[in-house]
Engineer: 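This structure is in C-alpha cells; I'll ask about it shortly.
If you're wondering where the values come from, they're calculated on a predicted model, not measured in any experiment. Counting convention: from 1, in listed order, for ligands and their atoms alike.
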Amino acid sequence: MSGAYLVLSGVAKRFRDHAVIQGLDLTVAKGEFVSLLGPSGCGKTTLLRMIAGLVACDEGRIEVGGVDLTRMPAHRRNVGVVFQNYALFPHLNVRDNVAFGLRAQGKPTSEVDAAVAHCLELVRLDGLGARPVGALSGGQQQRVALARALATRPRVLLLDESLSALDRKLRDTMRIELRRILRIEQITAIFVTHDQEEALVMSDRVAVMNAGRIEQFDRPDAVYARPATPFVLDFVGQSCSIEGRVASRRDRQMAVETPYGALIADGDFQVGESVLIGVRPENVRLVDGAMPSHAADNVIRALPADPVFLGSRRMIHFQCKGADRLLAELPGEERSAMDTDQPVSLCWPVERTLAYRRDAPG
Ligand SMILES: Nc1ncnc2c1ncn2[C@@H]1O[C@H](COP(=O)(O)OP(=O)(O)OP(=O)(O)O)[C@@H](O)[C@H]1O
Ligand SMILES: [Mg+2]
C-alpha cells in the first residue's frame with residue numbers, strides 16, 4: 001500500500017455564495033481505507049459526490065490511477081457508491097439489483113452471472129438472489145447495496161454513512177466484513193462516518209475535515225495522540241483545553257501561564273503569544289500521597305464538578321475558567337479522592353501536553 005492512487009488537487013466547490021469545498025488536497029494509496037470525519041455540513045457528502053462525478057468541480061483536479069476524471073461523466077468513472085439509504089431498486093430482486101451496473105455496461109450474460117454470484121458470495125448473501133429486496137432486513141439490504149457497488153469492480157468505492165442505519169451489533173459485524181471484502185478485492189475506499197470510534201478502528205488513515213478543508217490526514221493513532229489543530233483536538237475524542245500565554249521559553253520548551261498556574265509544554269512559540277494547551281483525559285491522573293507527581297509532570301489543583309460513570313471508567317469534569325475544559329478519565333473504582341468537595345491535584349506528563357497557537361485572542 002504505497003504511492004498515489006486517488007489524487008485530489010486543489011478541488012473546490014461553491015454553492016451560490018457558500019464555499020463548501022475549499023482548495024482541498026488529498027492523496028490516497030491503492031487499496032487504502034480512508035475515513036472522512038467531520039461535523040455535519042463540513043462537505044463530506046459533497047466531496048464524495050465530486051469524486052463520483054455527481055457534482056462538478058469548480059476548480060482543481062481528480063485523478064485515479066493516473067487517469068484524469070475531473071470532467072469525465074459519472075457513468076464512465078467506475079466509482080462505486082454506497083449511500084446511507086442504500087437506494088436499492090425496490091421492484092428488482094437481489095440478483096437484478098447487483099447485476100444492474102454490469103447490464104448497463106452491456107456486459108455479456110455469462111460475465112454478469114459470474115460477477116453477481118461472486119459478489120453475493122462475498123457479502124454472504126448467496127442463496128438469496130431471487131428474493132425481492134423489500135423482503136430483506138436492513139443489514140441484508142446494506143449487503144446488497146455493497147454487492148451492487150462492488151459488481152463493476154470499481155476503481156474506488158465511496159461509502160457515505162453506509163453502516164449508520166444498522167444496529168450496534170450488526171454494525172460491528174459489517175465493519176469486519178467490509179474490511180475483509182475490500183482487502184480481498186484490493187479496493188481503495190473512502191468512508192464517511194459520524195462515528196469516530198468506527199473511523200479510528202477501521203481506517204488505514206483518517207482525514208479530519210472542517211468547513212470544506214482537511215485539517216489533518218494521518219494514521220488513526222497519530223490523529224488521536226497528536227492532533228494537528230485545536231479543531232482536531234476538540235473534534236476527535238475527548239480533551240482538556242486550557243488557554244494561556246507563553247511566559248518564557250528555553251530551547252524547545254515553554255512555560256505557559258494559565259489561570260491554574262504555569263504549565264510546561266514543548267514548542268517554540270514567542271514569549272507573549274496566546275496558546276491553547278490540550279491534554280487527553282486518560283493522561284490525567286489524580287495526585288495523592290500514594291502516587292506523587294514526577295518532576296516531568298504538569299500539576300494543577302481543581303474542584304471536581306461532575307463525575308460521569310461509564311462502566312469500566314469514570315469521566316470527571318472539573319470546574320474551570322472561561323472556555324477552558326478540564327476532565328480526567330479514571331478507572332471506575334478510583335473514587336476516594338473524588339468523594340470530597342475539596343480541590344484535588346491533577347497531573348499529566350509534560351510530553352503528553354499539546355500546545356497550539358491561538359489565532360485570535362479571546
Ligand atoms: N446542492 C446543493 N445546493 C446548495 N447547497 C448545498 C448543496 N449540497 C450541499 N449543500 C450545502 O453544502 C454544505 C455541505 O453539505 P454536505 O452534504 O456535503 O455536508 P456533510 O459533511 O455531508 O454533512 P452531514 O454530516 O450532515 O451529512 C451544507 O451547508 C449544505 O447545505
Ligand atoms: Mg453527508
Side-chain angles (χ1 to χ4, degrees), residues 6-26 28 33-62 64 69-75 77 79-88 138 141-142 145-146 148-149 154 156-168 171 174-175 178 188-203 205-218 220 223 227-238:
L6 168 65
V7 182
L8 309 183
S9 347
V11 164
K13 181 70 201 177
R14 175 176 284 278
F15 289 117
R16 287 181 295 279
D17 55 349
H18 182 184
V20 173
I21 302 292
Q22 311 197 48
L24 184 147
D25 299 318
L26 181 70
V28 177
F33 187 98
V34 167
S35 288
L36 264 188
L37 207 52
S40 186
C42 74
K44 305 178 295 294
T45 297
T46 304
L47 188 63
L48 292 197
R49 294 174 66 84
M50 289 167 88
I51 298 169
L54 303 169
V55 166
C57 293
D58 293 341
E59 286 169 41
R61 188 180 156 94
I62 298 175
V64 176
L69 302 189
T70 319
R71 306 275 161 237
M72 195 184 276
H75 68 273
R77 292 192 185 194
V79 169
V81 187
V82 184
F83 291 110
Q84 179 177 11
N85 59 10
Y86 316 147
L88 296 173
Q141 291 184 26
Q142 208 270 327
L146 182 60
R148 185 179 62 180
V156 175
L157 184 65
L158 308 174
L159 302 120
D160 197 350
E161 311 221 19
S162 310
L163 306 184
S164 308
L166 306 180
D167 74 49
R168 179 91 210 187
R171 267 170 97 152
M174 276 309 295
R175 283 176 189 171
L178 182 60
T188 309
I190 301 201
F191 181 71
V192 167
T193 178
H194 270 119
D195 184 331
Q196 298 189 6
E197 191 185 302
E198 192 164 88
L200 295 175
V201 166
M202 290 182 70
S203 317
R205 283 192 288 175
V206 176
V208 184
M209 222 174 139
N210 180 26
R213 290 201 170 87
I214 289 175
E215 296 230 352
Q216 188 168 11
F217 182 41
D218 212 334
V223 168
T229 64
F231 174 82
V232 178
L233 171 76
D234 185 33
F235 189 76
V236 179
Q238 303 249 38

Engineer: Using a 4.5 Å cut-off on heavy atoms from C-beta on, say whether the side chain of Phe191 contacts that of Glu198.
Structural biologist: yes

Engineer: Are Val82 and Leu157 side-chain neighbours, meaning at least one heavy-atom pair lies under 4.5 Å?
Structural biologist: yes

Engineer: Measuring from Leu37:CG to Ile214:CD1, what's the distance to the nearest 0.5 Å?
Structural biologist: 11.5 Å

Engineer: Give the atoms of ligand 1, by number and element, whose distance to some non-hydrogen atom of His194 is under 4.0 Å.
Structural biologist: 25 (O)

Engineer: Of the protein's non-hydrogen atoms, which lies at the shortest distance from atom 12 (O) of ligand 1, and what is that distance?
Structural biologist: Val20 CG2, 3.2 Å

Engineer: Run down the list Ala211, Gly212, Gly41 and name the one with the heavy atom closest to atom 28 (C) of ligand 1.
Structural biologist: Gly41

Engineer: When you measure from the side chain of Gln216 to the backbone N and O of Ala228, does any donor-acceptor pair fall under 3.5 Å?
Structural biologist: yes

Engineer: Can you pull out the closest protein heavy atom to atom 6 (C) of ligand 1? Residue, atom name and distance to 0.1 Å, please.
Structural biologist: Phe15 CD1, 3.2 Å

Engineer: Take atom 30 (C) of ligand 1 and look for protein heavy atoms under 4.0 Å from it; say yes if you find one, no if not.
Structural biologist: no

Engineer: Looking at atom 16 (P) of ligand 1, what's its closest protein heavy atom, distance included?
Structural biologist: Thr46 OG1, 3.6 Å

Engineer: Set out, in order, the CA-CA distance, both residues' side-chain angles and the distance that settles side chain to side chain contact (heavy atoms under 4.5 Å, CB included) for Ile190 and Leu6, then state yes or no.
Structural biologist: CA-CA 10 Å; Ile190 301 201; Leu6 168 65; 3.4 Å; yes

Engineer: So, is Gly43 polar-close to ligand 1, with some N/O to N/O distance under 3.5 Å?
Structural biologist: yes

Engineer: Taking all non-hydrogen atoms of both residues, which atom of Arg77 and which atom of Met72 are closest, and how far apart?
Structural biologist: NE-O, 2.8 Å

Engineer: Please work out whether any backbone atom (N, CA, C, O) or any side-chain heavy atom from C-beta onward of Met209 is under 4.0 Å from ligand 1, and answer side chain, backbone, both or neither.
Structural biologist: neither

Engineer: What are the atoms of ligand 1, with element, lying closer than 4.0 Å to any heavy atom of Thr45?
Structural biologist: 17 (O), 18 (O), 20 (P), 22 (O), 27 (O)

Engineer: With a 3.5 Å distance limit and no angle check, can you tell me whether Lys44 reaches the backbone of Met209 through a side-chain donor-acceptor pair?
Structural biologist: no

Engineer: Return the closest protein heavy atom for atom 26 (O) of ligand 1 as residue, atom name and distance.
Structural biologist: Ser40 OG, 2.5 Å

Engineer: Identify the protein heavy atom lying closest to atom 25 (O) of ligand 1, giving its residue, its atom name and the separation to 0.1 Å.
Structural biologist: Lys44 NZ, 2.8 Å

Engineer: Answer yes or no for Thr46: is there an N/O/S atom below the 2.8 Å cut-off from the Mg ion (ligand 2)?
Structural biologist: no

Engineer: Verify side chain to side chain contact (heavy atoms under 4.5 Å, CB included) between Leu163 and Thr193, making sure each step is shown before the conclusion.
Structural biologist: CA-CA 8 Å; Leu163 306 184; Thr193 178; over 6 Å; no

Engineer: Can you name the atoms of ligand 1, numbered from 1 with element, that are less than 4.0 Å from a heavy atom of His18?
Structural biologist: 29 (O)

Engineer: For the 3.5 Å polar cut-off, considering only N or O atoms, please tell me whether Cys42 and ligand 1 meet it.
Structural biologist: yes

Engineer: Could you please spell out the steps behind the side chain to side chain contact (heavy atoms under 4.5 Å, CB included) verdict for Met50 and Val20?
Structural biologist: CA-CA 12 Å; Met50 289 167 88; Val20 173; over 6 Å; no

